[in-house]
Amino acid sequence: MHVRIQEADFDVGSELTALRRADPRIGALASFVGLVRDVSGGSGVSEMHLEHYPGMTDKALAAIVGEALQRWSLLDVLVIHRVGRLLPTDQIVLVAVAAAHRAEAFSACAFIMDYLKTRAPFWKRELTPEGARWVEAREADDRAAERWQQPGG
Amino acid sequence: MHVRIQEADFDVGSELTALRRADPRIGALASFVGLVRDVSGGSGVSEMHLEHYPGMTDKALAAIVGEALQRWSLLDVLVIHRVGRLLPTDQIVLVAVAAAHRAEAFSACAFIMDYLKTRAPFWKRELTPEGARWVEAREADDRAAERWQQPGG
Amino acid sequence: MLTILYFASVRERVGRAAEELALPVGVADVAGLLRHLGQRGGAWEGLARIANLRCAVNQQMVALDSPIGDGDEVAFFPPVTGG
Amino acid sequence: MLTILYFASVRERVGRAAEELALPVGVADVAGLLRHLGQRGGAWEGLARIANLRCAVNQQMVALDSPIGDGDEVAFFPPVTGG
């Protein structure tokens, strides 16, 4: 299990290769990359600043990954989240899950993203033509996280 | 939309970079890589041969991707499937889906894999200590594909 | 003329990957073609009895009661196992 | 001593990122601390009324009725928006 918070960009290809590390038990590698879009709530976004809570962030992400490891049979998990100044098309987050079978890999990858979105202490501030503004939390993200608490979630 | 059938290996990092092509509308990139495991049904697997139905394979994959494009709001989709001789830890398939938001990207990626597993004309033959054998279709794959025909799937 | 293709375990069973065949008289659907092929005896007799035999006509998966006609490409194969 | 941290829009609102504060007499939970901070007036008065104010004690997200004690690190922030 690997969790990293960093200002630097990451290379998805080499991260996935390192995660697989030629382990012949791995049959499925699901991954997700979140990227900065150039629009948000109808406004153009020229740049974004990602603030976080140093100290808590690692713990929160490790707890989320730990819960995924308890729920599903996984072989490895990687989470990288960037902080600081980001521009449209920049990568924000990478979540990658290795498992024997795809159902576990897909579910755990989506679960980690949903929990990260609602439980990890990051905050986005966008620069738009109307000025800088804090991104509002989305109701849809809360609902996405809640579905994992339903039976069969 | 890009569908490729090939014997050669693929580089996930450069494929994902090409799919994103710095399109600032893309906020989410979900991907899946299927890999050759060294065990199957309790037996060791030393190599695998992937046969397909040239001509139909492209059409079947394009139809699956087309259905995903109708179901979800997607910005781009890539499917690469290898054929021929493969060894444990080798990459078999890459499915990558770019969208504005992650829910669409995750769902479409899982959908394409589930349909590919049950509708695209590929057949695996494994070499085990007990000899060569055709891989049996899995009931679980049929069920995974059927869930997309339920309301809300 | 029909083009008939056999894949994977079905190909191994009948010992043939492909053949051209004049559309047999009285054959109007896949099931009829299977009965016709079964008259060859041997492995061909068992073709229609393969559990979960799959069929494609002109590169589209179809049910065994689907119609076929002159010029069609018909393929027989087991359930797919890619991905 | 308490360490109190403020993040994102909450930090901007109170104009402060962090402070050290002796555990005020009679304060036993997060809600009590918010009432105490509100006595400073100005932006501090509105702190407890921020819709969806979130709190962490010792780097764990907790409800506003959670207990706090000497030596704790308490953080206030809006709903998270990473990913």
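In what follows, chains carry the letters A, B, and so on, assigned in the order in which the sequence lines appear, proteins first and then strands, with residues in each chain numbered from 1.
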Donor-acceptor under 3.5 Å ([X] side chain, [Y] main chain):
{"X": "H81(B)", "Y": "G83(C)", "answer": "yes"}
{"X": "W123(B)", "Y": "F7(C)", "answer": "no"}
{"X": "T81(C)", "Y": "E136(B)", "answer": "no"}

Going from CZ on R54(C) to OG1 on T118(B), what distance comes out if it is rounded to the nearest 0.5 angstrom?
->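 Reported value, rounded in 0.5 Å steps: 9.0 Å.
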Can you measure from OH (Y53(B)) to CD (E73(C)) and round to the nearest 0.5 angstrom?
->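 The distance works out to 3.5 Å.
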Does [atom1] belonging to [X] count more than 12 external heavy atoms closer than 6.0 Å?
{"X": "R85(B)", "atom1": "CZ", "value": "no"}
{"X": "R49(C)", "atom1": "CZ", "value": "no"}
{"X": "E130(B)", "atom1": "CD", "value": "yes"}

Contact class of A60(B) relative to chain C, heavy atoms under 4.5 angstrom | neither
Proximal component of H52(B), with respect to chain C [non-hydrogen, under 4.5 Å] = backbone
Which residue out of R11(C), M61(C), Q59(C) racks up the most heavy-atom pairs below 4.5 Å with chain B?
-> Q59(C)
Worked check of side chain to side chain contact (heavy atoms under 4.5 Å, CB included) between Q60(C) and K59(B) = CA-CA 8 Å; Q60(C) 295 255 17; K59(B) 284 181 195 142; over 6 Å; no
Tell me, out of K124(B), R133(B), R125(B), who's got the most heavy-atom pairs with chain C below 4.5 Å.
-> K124(B)
The interface call for A8(C) against chain B, heavy-atom contacts under 4.5 Å, is both
Considering all heavy atoms of both residues, which atom of M56(B) and which atom of A56(C) are nearest to each other, and what is their separation?
-> SD-CB, 3.7 Å
Over all heavy atoms of both residues, which pair between V80(C) and R119(B) is shortest? Give the atoms and the distance, please.
->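 Heavy atoms only, the tightest pair is CG2-N, 3.7 Å.
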